[in-house]
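In what follows, a single structure is set out as structure tokens and then discussed.
Just so it is clear, the values below take in all heavy atoms, side chains as well, and ignore hydrogens, waters and symmetry mates. Quick note: residue numbers are just sequence positions, from 1.
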Amino acid sequence: MNKHINKVAVLGSGIMGSRIACHFANIGVEVLLLDIAPKELTDEEKAKGLTLDNKAVKNKVVNSSLQTALKSNPSPIYNKAFASRIKTGNFDDNMKDIANVDWIIEVVVENLNIKKSVFEQVEKYRKPGIFITSNTSGIPIHLMLEGRSEDFQKYFCGTHFFNPPRYLKLLEIIPSPKTDKEVIDFLMHYGDLYLGKTTVLCKDTPAFIANRIGVYSIMALFHLMEKMDLTVDEVDKLTGPMLGRPKSATFRTCDVVGLDTLVHVAKGVYDNCPNDEAREQFNLPGYVQKMYESKWWGDKTKQGFFKKIKGADGKSEILTLDLKTLEYKPKSKVKFDTLEATKTIDNLKERMKVLATGKDKAGEFYRTAFYGLFQYISNRIPEIADEVYRIDAAMSAGFGWELPPFETWDALGFGETVKAMEASGNKPAQWVYDMINSGGTSFYKVENGVKKYYDIATKSYKAIPGTDSFIILDNLKATKTIWENKGSSIIDIGDGIINLEFHSKMNTIGEEVLQGINKAIEIAEKDYRGLVIGNDAANFSAGANLALVLMLAIEQEFDEISMAVKAFQNINMRIRYSSIPIVVAPHGLTLGGGCEMCLHADGVQAAAETYIGLVEFGVGLIPGGGGTKEFAVRASDAFEEGEIELPILKEKFLTIGMAKTATSAYEAFDLGIFRKGIDRVTINNNRLIADAKERVIEMADAGYVQPIPRKDIKVLGRAGLGMVYAGANSMLSGNYISEHDQKISQKLGWILCGGDLSAPTLVSEQYLLDLEREAFLSLCGEKKTLERIQYTLKTGKPLRN
């Protein structure tokens with residue numbers, strides 16, 4: 001289907017509509033966002049003499065919704081400037097404008113009659129061949145087509161985004177029997193490639209896939225915790241990161257999403273799925289019913305399973321609901337022997353086995369929850385999906401489960417788990433036994449670097465559709481690893497390109513990672529065309545190993561620190577000046593040393609969701625791996641392009657001195673971390689390594705030439721230092737910064753300005769690196785710096801002292 005999406009219309013500007021509009025603006029699409037026009041004036045509007053025909057009045061619903069979305073945290077938009085791509089209007093005046101769009105998305109209230117009335121209006125203006133979809137979370141798609149034209153029915157389907165659309169990667173595509181197959185194929189591909197989504201094709205069944213399984217899981221836990229006499233804090237401890245699931249776990253997730261939303265979905269399944277064997281699980285427990293009636297719905301009503309209050313000392317405190325008394329109490333510490341036994345187990349699959357075999361209450365909880373869930377998902381095939389991978393993909397992308405249900409079953413041992421389920425009264429569906437009889441031993445397996453799923457219809461293993469464009473490093477490790485140590489691996493990703501992957505804790509940069517980078521460049525220069533530095537972990541890198549820096553500083557091993565800093569500087573310079581092209585592929589947290597690595601690459605292929613910055617100032621240090629030097633280089637290049645010198649110097653100084661962190665890859669361009677016209681962005685994380693590889697090939701094919709070390713970097717000397725010192729002194733006088741902040745600021749300025757030079761001078765990169773290393777070492781000897789590092793390691797937050 002030869003279609004292009006240049007402009008979309010979003011009908012309905014509520015929480016979902018406004019944020020869907022923002023995400024289309026994120027990817028460069030022009031958006032028309034419409035909502036109802038008010039029927040009555042407020043007293044304030046009457047006092048101003050306004051009428052219902054006034055444009056500001058007519059568009060106040062949509063404008064207010066959009067502004068609320070743009071002010072929300074986390075932001076729904078990659079860059080504030082992208083909001084200019086959204087034009088607002090109202091149904092009365094602007095419905096006619098949908099004639100000029102390529103895709104119309106309905107996001108009005110979940111009421112079939114209201115949706116049908118909106119579609120009736122859409123029919124008047126929509127041109128034939130234009131996509132028309134509904135963001136319903138549960139209304140049957142086929143019911144919306146009554147009275148609609150043949151062309152409308154052909155181009156219509158459900159497109160269920162998950163909230164918040166920027167961050168949750170699931171997009172469920174739900175066709176009706178009348179939807180053209182080419183429309184389905186186009187939207188599946190477009191959602192993946194351009195919107196950055198995991199697109200999952202769903203059947204038109206109540207709650208579709210993710211909410212059907214996800215809400216079952218939550219409702220089953222509600223009943224189970226009553227039976228086992230567990231508390232809210234205990235269940236959240238058991239069902240969050242311990243299981244590879246979000247920190248919000250179960251009850252915090254309910255508060256964020258809204259208990260009213262959960263109840264709505266649960267009631268919909270209960271009412272519309274009379275043959276669901278677990279139907280009673282969707283019945284509300286007594287405490288949930290009371291909370292719903294009292295409108296304790298979570299964040300939107302200021303209280304739910306948790307409530308934020310201010311104590312007598314004025315500090316905020318979060319209280320937890322006691323489900324027996326429905327009174328709020330201080331959060332309690334949770335401890336189970338089973339959890340203690342997993343503290344040293346980072347591998348999630350290995351941890352799952354320990355959790356499921358625990359001998360205490362936690363172990364019993366996990367077994368009961370797992371076996372009930374496994375029975376439920378097996379019984380949902382073929383009702384809601386024909387293949388296991390669709391259910392897993394929906395749960396990973398929609399609910400953030402790192403290990404989705406069928407993969408969890410595999411992790412616990414496929415055959416052993418079936419026997420345990422039988423013993424516990426949770427016998428799986430017949431197709432599972434047919435699978436066993438046909439020789440199936442797991443739901444997934446990896447063959448020659450390709451992940452395959454067990455296909456029930458053919459009783460054979462097949463490659464997961466749509467994944468041929470992805471490079472998943474975990475699938476390649478067994479057969480394509482050419483070198484590894486404890487902290488890194490070098491993997492052949494094909495076509496003459498290798499990839500260096502970190503796997504230290506939080507991907508921090510220490511001796512083993514530096515050794516891996518050095519080895520990867522050595523191997524690539526000898527036998528390959530180029531190198532990608534990237535990984536499949538949640539974060540690219542949290543930066544240097546601060547614990548090691550702290551230990552060496554306390555022991556006053558300054559020679560060791562100097563050697564470590566010089567080694568990191570040398571590695572980054574080797575990245576810059578190797579004879580083969582090197583592309584770094586950051587994503588998630590990319591802080592400190594991880595950011596410095598990006599600054600030295602030939603190219604950066606960044607995930608849109610990259611949170612990157614030079615944050616060393618927050619721990620009392622300056623960037624010591626070449627990051628400060630690189631900002632001096634980029635300032636010099638800006639001088640050459642005719643930019644006014646002192647404002648540029650100030651901008652670079654403040655980016656480091658305020659530890660500014662971009663909250664998206666696009667913001668990183670504004671901060672000068674990424675380079676316009678050189679560095680690029682990938683919207684879909686699954687495509688990141690593949691895109692980085694293509695970038696390396698592109699450079700190699702273009703005849704990559706090894707760069708020449710720079711000796712032409714213009715620094716301002718005393719002219720710049722005067723501005724820096726005056727600014728730092730002024731900030732100190734105004735009590736905006738501490739004396740230690742002033743000291744760090746002066747050292748940062750010293751490097752950026754090239755030291756105490758009497759006039760602007762051209763210097764080399766090595767000259768600046770030596771200044772940088774000297775400043776870093778001197779700050780490591782400061783008591784205030786050590787206090788900051790200790791505080792950050794303990795709390796994860798910066799300390800101002």
Side-chain angles (χ1 to χ4, degrees), residues 543-544 546 548-562 564-566 568-569 591-593 595-596 613-632 635 646 649-661 715-757 767-795 797-801:
L546 280 179
L548 178 61
V549 173
L550 177 65
M551 182 187 75
L552 293 174
I554 289 174
E555 294 176 358
Q556 299 189 344
E557 296 283 357
F558 295 112
D559 286 344
E560 290 286 330
I561 296 175
S562 179
V565 173
K566 186 168 179 57
F568 189 30
Q569 289 181 338
L591 304 176
C595 177
E596 288 177 296
L614 296 169
V615 297
E616 289 85 352
F617 206 98
V619 292
L621 296 168
I622 50 95
T628 310
K629 176 272 300 179
E630 190 59 24
F631 263 50
L646 286 179
L649 176 62
K650 179 182 177 182
E651 175 189 297
K652 301 300 181 189
F653 173 86
L654 289 176
T655 298
I656 297 176
M658 296 178 69
K660 291 183 180 180
T661 303
V715 290
L716 301 183
R718 290 174 186 169
L721 278 177
M723 180 191 72
V724 171
Y725 283 24
N729 292 340
S730 175
M731 293 290 282
L732 178 64
S733 299
N735 290 321
Y736 294 108
I737 62 174
S738 67
E739 289 184 4
H740 191 54
D741 290 327
Q742 180 193 36
K743 183 175 289 185
I744 310 168
S745 298
Q746 291 171 344
K747 289 186 180 293
L748 174 60
W750 183 268
I751 304 161
L752 292 174
C753 297
D756 186 20
L757 301 173
Y767 172 84
L768 293 171
L769 288 170
D770 291 342
L771 292 181
E772 181 184 272
R773 190 170 65 259
E774 180 186 332
F776 188 94
L777 279 171
S778 68
L779 289 168
C780 284
E782 294 282 341
K783 181 182 176 183
K784 295 289 187 182
T785 294
L786 302 187
E787 289 174 356
R788 289 189 181 194
I789 295 175
Q790 285 175 317
Y791 184 83
T792 300
L793 287 172
K794 185 177 180 180
T795 67
K797 300 174 183 177
L799 170 70
R800 183 184 172 193
N801 56 354

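Heavy-atom contacts from other residues, nucleotides or ligands closer than 6.0 Å to CD of Glu555 number more than 12. Within 6.0 Å of CE on Met658 lie no more than 12 heavy atoms contributed by other residues, nucleotides or ligands.
To the nearest 0.5 Å, atoms CG (Leu614) and CZ (Phe631) are separated by 5.5 Å. Taking CG from Leu732 and OG from Ser738, the interatomic distance works out to 8.0 Å, rounded to the nearest 0.5 Å. Residue Lys743 holds its NZ atom at 3.5 Å from CD of Glu782, rounded to the nearest 0.5 Å. Atom CZ of Phe776 sits about 10.5 Å away from atom CD1 of Ile751, to the nearest 0.5 Å.
You'll find the side chain of Phe653 stays beyond 4.5 Å of the side chain of Met723, heavy atoms only. Residues Ile561 and Leu777 are in side-chain contact: their nearest non-hydrogen atoms beyond the backbone lie under 4.5 Å apart. Taking the side chain as every heavy atom from C-beta outward, Glu774 and Lys747 never approach each other to under 4.5 Å. Counting heavy atoms from C-beta outward, Gln790 and Leu550 have side chains that approach closer than 4.5 Å. Between Val715 and Leu768 there is a side-chain heavy-atom pair separated by less than 4.5 Å. Residues Leu546 and Val619 form a side-chain contact, since some pair of their non-hydrogen atoms from C-beta on lies under 4.5 Å apart. Using a 4.5 Å cut-off on side-chain heavy atoms (C-beta onward), Trp750 and Val724 make no contact. You'll find the side chain of Ile789 reaches within 4.5 Å of the side chain of Leu621, heavy atoms only.
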#### Entry: Step-by-step side-chain contact (heavy atoms from CB on, under 4.5 Å) determination, Leu646 to Leu716
CA-CA 9 Å; Leu646 286 179; Leu716 301 183; 4.0 Å; yes

### Pair Asn729-Gln746, side-chain contact (heavy atoms from CB on, under 4.5 Å): steps then yes or no
CA-CA 10 Å; Asn729 292 340; Gln746 291 171 344; 4.0 Å; yes

### Check against side-chain contact (heavy atoms from CB on, under 4.5 Å), Cys753 and Leu649
CA-CA 8 Å; Cys753 297; Leu649 176 62; 3.7 Å; yes

### Asp741/Phe617 under side-chain contact (heavy atoms from CB on, under 4.5 Å): CA gap, chis, key distance, verdict
CA-CA 8 Å; Asp741 290 327; Phe617 206 98; 3.9 Å; yes

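Formation of a donor-acceptor pair under 3.5 Å by the Glu772 side chain with backbone atoms of Lys629 is found in this model. The backbone N or O of Ala728 lies less than 3.5 Å from no partner atom in the side chain of Ser745, so there is not a single donor-acceptor pair. Using a distance-only test at 3.5 Å, with no hydrogens or angles considered, a donor-acceptor pair links the side chain of Thr628 to the main chain of Pro623. Side-chain N or O atoms of Thr795 include one that pairs as donor or acceptor with a backbone N or O of Tyr791 at under 3.5 Å. Of the possible polar contacts, none joining the Glu616 side chain to the Ile622 backbone as a donor-acceptor pair under 3.5 Å is found. Distance alone, capped at 3.5 Å, is enough to place a donor-acceptor pair between the Gln569 side chain and the Gly624 backbone.
The two atoms that bring Ala635 and Lys652 nearest to each other are CB-CG, 3.9 Å, heavy atoms only. Taking every heavy atom of both residues into account, Leu752 and Ala632 meet most closely at CD2-N, 3.8 Å. The two residues Gly620 and Ile744 make their nearest non-hydrogen contact at CA-CD1, 3.5 Å. When all heavy atoms of Gly618 and Ala659 are compared, the pair lying nearest together is N-CB, 4.5 Å.
No side-chain donor from either of Asp559 and Ser562 sits under 3.5 Å from a side-chain acceptor of the other. For the residue pair Thr792 and Lys797, no side-chain donor N or O sits within less than 3.5 Å of a side-chain acceptor on the partner.
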